Amino acid sequence: MLTFRSKVALCLCFFISLFHPLTAAVFPKEGSQLNYRLIGFSLPFDDLRGKYKIDIAEGEYNNTDSFEKNVTTTLYGQKNKIIGEVQRFGTRYTWRASYVLGDATLKKSVLYHFSTGFLPVVDSTKFRVRIMKHAEKYRDAAIFCDALGIMYDIEGRPIWYLPGVKYQVNTTIQPRDIKLSPFGTITYLIDSKIYEINYNGDTLWSKTGNNGGNKYPDNVDFGFHHQFSRLSNGHYMVMGVENVLCKPPTGNDTNLIIIPPDSVINDPNSTYKKKGSGVLIEYDELGNIVWLWKSSEYIKNSDLKYFCRLQQGLLDLHDNAFYFDEHDKTIYISFKNADRIVKVKYPEGNVLNFYGNKYDKNGIVGNNLFHCQHAIKRSDNGYLYLFDNGCDTVTDPKLLLMREPADNNDSLKILWEYKCAIDDTLNKSRRGENPGGGNVKELPDKSIFVCMGLRNSIAFIVDLDKEVRWSAIAEGWNENERKWTRVLSYRSSIVTDRKNLEKLIWNSEEEKQPEKRYGKRL
């Protein structure tokens with residue numbers, strides 16, 4: 001029986017409701033299929049004074065009595081937008097929203113229905129992220145595992161998957177570099193295609209490379225690889241490749257000649273060969289190139305011409321990562337094959353400095369600071385840090401924190417080093433068997449999130465006291481061997497807090513018509 005106070009509140013809200021019709025947008029949309037279990041519910045009530053409640057039942061019900069008998073989850077919130085989690089993928093759900101004041105339920109919505117989709121990668125009997133050390137901090141963090149196209153919570157439970165993309169685990173045709181953008185969207189690349197999507201998987205922006213780059217200089221359409229990021233100015237930056245013409249040195253010839261790809265060679269006996277060379281490209285929201293940096297131009301005017309000459313004219317420095325310091329207007333580019341980081345002034349494009357190996361006509365001069373590095377970054381306090389794979393060497397992978405030189409008389413100095421443990425009880429790795437991949441990201445407390453990449457596939461958080469705060473490993477069930485084996489994850493990333501996660505979730509409603517953002521779709 002309602003109390004006198006509740007009866008008064010009920011009457012009051014009845015009159016209020018006359019001026020607050022149920023016009024608020026409802027989400028999830030009726031009958032929709034979701035690619036996630038962590039859901040943003042938008043209720044059909046205006047923002048009245050009181051509480052909001054959501055009841056959720058597994059199964060599809062159209063009868064109120066049947067629904068109420070099967071409710072498994074109840075959520076409460078102070079606003080008419082509530083984030084909650086359902087238990088399973090591949091399941092139908094029924095839900096109802098209510099408006100509560102005191103101990104009285106004043107309004108109830110109709111019954112709504114949605115389902116969660118399913119892919120084999122969310123089946124925990126086939127794929128998993130095994131937690132080796134549970135987190136004490138970052139309890140609200142989430143991890144993107146690009147090899148699986150999955151976002152996991154910090155306890156290793158899948159909460160989101162990449163929909164609508166055909167890919168093969170442990171092959172080169174799989175998503176890479178899945179991460180959160182500054183705008184609460186997701187960016188990734190796959191098979192020379194780059195995408196920005198929302199939480200629902202709707203494509204907001206995309207572009208396709210041609211895997212050859214031979215359309216330069218007109219109608220430029222480079223092949224894309226390794227890293228794709230959205231910048232805080234709304235533009236997009238991606239690593240690509242172009243074809244240039246190169247004349248490798250022969251005999252006593254010590255020159256390495258590189259000419260533009262549109263040059264005309266009339267000599268049928270020409271020794272010029274078409275070679276792939278890295279580029280860094282900035283696109284605006286409409287897909288126009290607004291900035292371009294070409295490693296072939298840098299090679300011609302630096303000691304790297306000796307490195308390429310030793311490689312018989314191979315121009316592939318294997319640019320694998322970049323970091324754009326938008327505040328200082330500098331870009332750091334990682335060249336794995338040459339063991340070098342290059343610092344470029346933006347937008348001028350001139351090289352301010354470089355770190356790592358130096359070369360002359362006889363080979364490496366020095367300095368062997370790092371090998372086959374990935375994921376160069378700059379910390380909030382101005383230090384460089386990277387994941388040093390130690391590929392093809394007898395060194396262990398390690399994490400380096402370095403101070404840049406203050407002037408021409410100074411040099412790059414390693415301030416902090418952490419050797420990464422690569423063994424575990426399931427799948428032993430040996431030195432020299434970490435062929436590539438990796439990521440690093442400084443967290444708000446100055447700890448560092450690390451993805452070791454590919455064959456190791458270990459991700460962890462380590463603080464500056466070298467204490468591991470969380471660690472996990474991506475694995476797949478090998479039916480032939482009857483055991484769990486590592487999934488070759490290239491570059492996992494982290495969403496550090498609930499605020500950014502909620503921004504991503506609510507953007508799934510706001511970005512329903514992405515063509516309105518830019519005027520047209522690409």
Side-chain angles (χ1 to χ4, degrees), residues 176-177 213 222-229 237-244 246 256 258 275-282 292-325 330-346 349-360 363-378 384-393 395 397-398 400 402 404-405 411-412 414 434-440 453-454 490-491:
R176 282 196 168 186
D177 194 32
F222 300 101
F224 305 129
H225 60 89
H226 281 88
Q227 183 175 337
F228 168 55
S229 302
M237 189 166 281
V238 63
M239 310 201 90
V241 63
E242 66 165 342
N243 282 330
V244 298
C246 174
L256 176 75
I258 304 170
K275 301 287 185 179
S277 182
V279 291
L280 186 60
I281 316 146
E282 181 184 356
L292 181 67
W293 191 86
K294 300 166 64 175
S295 61
S296 61
E297 294 297 322
Y298 173 55
I299 292 170
K300 287 192 296 185
N301 300 298
S302 75
D303 63 324
L304 288 182
K305 61 180 177 287
Y306 299 119
F307 172 83
C308 292
R309 182 171 65 82
L310 293 169
Q311 304 296 317
Q312 294 301 306
L314 181 67
L315 302 183
D316 181 17
L317 303 177
H318 201 89
D319 41 333
N320 60 15
F322 66 88
Y323 176 73
F324 187 7
D325 189 324
T330 53
I331 299 176
Y332 298 85
I333 305 173
S334 167
F335 294 110
K336 171 192 167 187
N337 286 355
D339 296 336
R340 175 171 291 193
I341 301 294
V342 175
K343 182 178 182 179
V344 176
K345 181 64 176 174
Y346 177 90
N350 56 298
V351 174
L352 299 175
N353 211 336
F354 70 87
Y355 311 117
N357 285 354
K358 301 177 182 179
Y359 301 88
D360 66 11
I364 299 175
V365 179
N367 52 20
N368 294 313
L369 284 177
F370 41 80
H371 302 280
C372 302
Q373 71 287 344
H374 283 69
I376 179 66
K377 298 285 175 61
R378 196 164 187 256
L384 293 184
Y385 62 105
L386 56 80
F387 177 62
D388 178 354
N389 290 79
C391 298
D392 306 319
T393 71
T395 62
K398 55 182 176 289
L400 299 178
M402 301 169 291
E404 291 190 81
S411 60
L412 187 72
I414 296 176
N434 189 33
N439 194 22
V440 289
L454 294 181
Y490 177 76
R491 183 173 280 160

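Small disclaimer: the values here were computed from a predicted structure and weren't measured.
A donor-acceptor pair under 3.5 Å is absent between the side-chain atoms of Asn389 and the main chain of Pro397, judged by distance alone. Judged by distance alone, with hydrogens and angles left aside, the side-chain atoms of Tyr359 form a donor-acceptor pair with the main-chain N or O of Ala338 at under 3.5 Å. Side chain of His374 to main chain of Gly437: a donor-acceptor pair is present (N/O by atom type, distance under 3.5 Å, no hydrogens or angles). The backbone N or O of Val440 sits less than 3.5 Å from a side-chain atom of Lys377, completing a donor-acceptor pair. Checked by atom type and distance alone, the side chain of Asp303 never pairs as donor or acceptor with a backbone atom of Asp360 at under 3.5 Å. The backbone N or O of Phe335 sits nowhere less than 3.5 Å from a side-chain atom of His318 that would complete a donor-acceptor pair.
Separation of atoms CG (Leu352) and CD1 (Ile331) is listed at 10.5 Å; rounding is to 0.5 Å. Atom-to-atom distance recorded for Leu386:CG and Lys398:NZ is 9.5 Å, nearest 0.5 angstrom. Taking CZ of Phe354 as the start and OH of Tyr332 as the end, the distance is 15.0 Å to the nearest 0.5 Å. We find the CG-NZ distance between Asn350 and Lys345 to be 8.0 Å, quoted to the nearest 0.5 Å. Note that the OG atom of Ser229 and the CD atom of Glu282 stand 11.5 Å from one another [nearest 0.5 Å]. Distance check: Thr330 OG1 to Asn353 CG gives 11.5 Å after rounding to the nearest 0.5 Å.
Looking at heavy atoms from C-beta onward, Ile341 lies in side-chain contact with Gln373 at the 4.5 angstrom threshold. Looking at heavy atoms from C-beta onward, Phe224 lies in side-chain contact with Ile281 at the 4.5 angstrom threshold. Side-chain contact between Lys343 and Val351 is absent, with no heavy atoms from C-beta onward closer than 4.5 Å. Residues Ile258 and Lys275 have side chains not in contact (no heavy-atom distance under 4.5 Å, counting atoms from C-beta outward). In this structure the side chain of Arg340 never reaches within 4.5 angstrom of the side chain of Phe307, judged on heavy atoms. When side chains are defined from C-beta on, Tyr298 counts as touching Trp293, because their heavy atoms get closer than 4.5 Å.
Applying the salt bridge (Lys or Arg N to Asp or Glu O under 4.0 Å) criterion to Lys300, with sequence neighbours excluded, gives Glu297. The ring-ring contact (aromatic ring centres under 6.0 Å, His included) check on Tyr355 picks up nothing, with sequence neighbours excluded. Remark: Asp177 pairs with Lys179, Gln227, Arg491 by the side chain to side chain contact (heavy atoms under 4.5 Å, CB included) rule, at least two apart or across chains.
Remark: Arg378 fails to qualify as a cation-pi partner of Tyr323 under the 6.0 Å distance and 45° angle criteria applied to the six-membered ring.
Residues Leu280 and Val238 share a closest heavy-atom pair of CD1-O, 3.5 Å. Between Ile333 and Asp319, the shortest heavy-atom contact is CG2-CB, 4.3 Å. Across Ser296 and Glu242, no two heavy atoms sit closer than the pair OG-OE2, 3.4 Å. Between Ser277 and Ser295, the closest heavy-atom pair is OG-OG, 3.1 Å. The shortest heavy-atom contact between Ala375 and Gly438 is CB-O, 3.7 Å. Minimum heavy-atom separation, Leu317 to Leu304: CD1-CD1, 3.6 Å.
There is a side-chain donor-acceptor pair under 3.5 Å between Asn320 and Ser334.
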Exercise for review: Would you please test Tyr490 and His226 for ring pair (Phe, Tyr, Trp, His ring centres under 6.0 Å) and show each step?
Suggested key: CA-CA 9 Å; Tyr490 177 76; His226 281 88; 5.8 Å; yes

